[in-house]
2 protein chains.
Amino acid sequence: MITKPEFSIPEPTLKRLPRYYNYLKGLLNKGREVVSCTHIGKDLDLDPPQIRKDLAYTGIRGIPKVGYQVEVLLNSIEEFFGWNSCDEAFLVGAGNIGRALINYQGFQRYGFRIVAAFDNSPEIVGKRIDKIEVLPLAKLTNLCLRMNVKIGVITTPDHAAQEVADMMIAGGIKGIWNFAPAEIKTPEGVIVQSENLAAGLSMLSKKLQMLQKSGKIRQEDTK
Amino acid sequence: MITKPEFSIPEPTLKRLPRYYNYLKGLLNKGREVVSCTHIGKDLDLDPPQIRKDLAYTGIRGIPKVGYQVEVLLNSIEEFFGWNSCDEAFLVGAGNIGRALINYQGFQRYGFRIVAAFDNSPEIVGKRIDKIEVLPLAKLTNLCLRMNVKIGVITTPDHAAQEVADMMIAGGIKGIWNFAPAEIKTPEGVIVQSENLAAGLSMLSKKLQMLQKSGKIRQEDTK
DNA sequence: TAGATTGTTAATCGATTAACAATC
DNA sequence: TAGATTGTTAATCGATTAACAATC
């Protein structure tokens with residue numbers, strides 16, 4: 001019987017913590033040593049009590065009247081997410097987005113590194129993308145097991161996503177970072193984080209549409 | 001005084017609608033003509049009443065005892081988001097992710113097309129990426145105004161994001177699709193949709209970490 | 001000390017879930 | 001008709017916001 005961990009952390013908090021991190025990093029570079037929630041809230045457009053709660057999840061305590069020490073806070077968030085140690089990941093689908101993720105080194109700061117790429121197109125297999133070799137898809141499951149890789153990235157076309165996910169799961173992968181706009185079914189114990197860019201884009205354009213419509217209504221109202 | 005539109009649509013609904021769309025497209029390809037919320041719910045792991053509410057926002061009505069007509073539903077979602085007409089967008093930052101977005105043609109289905117790219121690196125300016133010319137950043141604001149472009153995509157490094165956003169806003173851009181892991185401040189009436197990939201990745205690895213920890217605790221418990 | 005800030009408890013708000021009448 | 005499904009209203013749940021005591 002699988003139950004929720006006693007101290008489950010709200011998802012919105014999990015999403016905000018990296019924002020604080022980026023922001024605080026900027027403050028540190030400017031030489032700032034201490035910061036209050038009021039101050040953070042003004043810059044990030046969030047309520048101070050919420051920030052306090054969020055930060056408390058990382059185990060840190062602020063100093064009344066003073067605020068939080070920027071450097072301590074940064075360390076606290078780093079440790080909370082485990083960014084000091086590095087997770088190795090396999091990527092499947094060496095297309096546009098796949099290659100971009102491989103080339104982008106920035107995720108190493110977040111304890112994440114792509115160590116191999118897989119594809120089933122003979123034109124791509126065997127080539128190298130930024131020192132990472134592209135291997136045939138058939139080797140995926142075995143290599144997952146052999147190298148004990150626990151995170152997989154899916155950057156394949158839509159229709160291949162589920163099949164690739166199944167191969168990953170067979171290889172013991174527990175976390176899937178999915179960029180394909182497809183539903184992925186996984187057994188309990190395997191987590192999927194989908195970056196549905198089309199959804200993000202659609203939200204943006206819909207909000208824009210609504211804003212313009214309400215603007216027009218307003219214009220008519222003021223006639 | 002700006003007020004919310006009378007019929008504001010919940011953000012979770014906005015995020016789920018494109019999921020329904022993808023899923024229904026798959027059903028249509030399989031030749032399915034009618035589908036019930038119970039059925040959708042099973043495949044997408046959602047509660048049927050929630051699906052009904054979500055779909056109702058697009059203005060569609062189902063048929064009791066029967067369900068929804070797949071094709072009608074698809075059209076309804078397309079129209080809701082305005083995917084039949086195309087928004088033109090400018091992209092700034094022709095790095096890895098920027099180039100991937102330009103090369104990826106798939107967003108045209110969602111009424112979105114990148115018509116020009118901008119960068120300030122002399123090595124890239126003047127080149128073409130998939131028929132799209134890379135222009136010098138200095139031309140951004142004027143071209144926005146001249147071409148009446150309303151959507152901007154930011155794929156620059158962190159530190160340049162705010163400056164680029166300001167140039168876009170000066171050019172009359174109303175919606176910013178941001179891929180830089182940075183805070184962007186905008187005046188009222190300008191919408192930002194941030195795709196914070198680092199945040200998604202961090203959430204995934206944290207959940208994985210929590211899952212493994214709770215698993216270990218359980219093992220100890222059963223001793 | 002007075003003021004600012006933290007940390008926490010209570011109230012509010014919004015979305016999800018449950019219940020159920022209406023309907024082809 | 002009976003069963004399945006929709007659409008809607010009410011109950012629940014969780015996160016945000018407000019209020020306030022504790023503290024350097």
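Everything numeric here is computed off the predicted structure, so don't read it as measured data. A, B, ... follow the sequence lines: proteins, then strands. Residue 1 opens every chain. Worth knowing before you read on, the calculation uses all heavy atoms, side chains too, and leaves out hydrogens, waters and symmetry mates.
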Euclidean distance, atom [atom1] of residue [X] to atom [atom2] of [N] [Å, nearest integer]:
X	N	atom1	atom2	result
A:Arg61	C:dT8	CZ	C1'	10 Å
A:Ile60	C:dG7	CD1	C1'	14 Å
B:Ile9	C:dG14	CD1	P	16 Å
B:Leu46	C:dT16	CG	C1'	11 Å
A:Ile51	D:dA15	CD1	P	18 Å
A:Gln69	C:dT6	CD	P	13 Å
B:Leu55	D:dT8	CG	C1'	15 Å
A:Lys65	C:dA4	NZ	P	10 Å

Given DNA chain D, 5'-ward residue of the pair A:Gln50 and A:Ile63, judged by closest heavy atom: A:Gln50

Upstream residue (5' side of DNA chain D) when A:Glu11 and B:Val66 are each assigned their closest nucleotide: B:Val66

Please tell me which of the listed nucleotides, [options], lies nearest to the side chain of [X]?
X	options	result
A:Asp47	C:dA18, D:dT17, C:dC24	D:dT17
B:Pro49	D:dA15, C:dA19, C:dG3	C:dA19
A:Pro12	C:dA15, D:dA15, D:dA2	D:dA15

Main-chain N/O of B:Ile97 paired with B:Thr155 side-chain donor or acceptor, under 3.5 Å: no

Donor-acceptor under 3.5 Å (B:Asn103 side chain, A:Asn96 main chain): no

Please indicate whether [X] has more than 12 foreign heavy atoms, meaning atoms of other residues, nucleotides or ligands, lying under 6.0 Å from its [atom1].
X	atom1	value
A:Glu33	CD	no
B:Lys42	NZ	no
A:Glu71	CD	no

About how many Å separate [atom2] of [Y] and [atom1] of [X], when rounded to the nearest 0.5 Å?
X	Y	atom1	atom2	answer
B:Leu17	B:Leu55	CG	CG	7.0 Å
A:Glu163	A:Leu137	CD	CG	7.5 Å
A:Lys207	B:Ile191	NZ	CD1	6.5 Å

Quick check on [N]: is either OP1 or OP2 less than 4.0 Å from any side-chain nitrogen or oxygen of [X]?
X	N	result
A:Arg52	C:dT6	yes
A:Tyr57	D:dA15	no
A:Arg16	D:dT16	yes

Sub-4.0 Å heavy-atom contacts from residues 32-43 of chain B onto DNA chain D, ordered by number: B:Ser36, B:Cys37

Can I get a per-line list of side-chain donor-acceptor pairs under 3.5 Å for residues 79-92 of chain B, giving both atom names and the distance, sequence neighbours left out?
{"from": "B:Glu88", "atom 1": "OE2", "to": "B:Arg113", "atom 2": "NH2", "distance (Å)": "3.1"}

side-chain hydrogen bond (donor to acceptor under 3.5 Å, both in side chains) assessment of B:Lys53 paired with B:Gln50: CA-CA 5 Å; B:Lys53 274 190 185 167; B:Gln50 178 166 79; over 6 Å; no

Base C:dT17 to side chain B:Lys53, donor-acceptor N/O within 3.5 Å cut-off: yes

DNA chain D stem ranges, 3 or more consecutive Watson-Crick or G-U pairs under 3.5 angstrom: C:3-24 with D:3-24

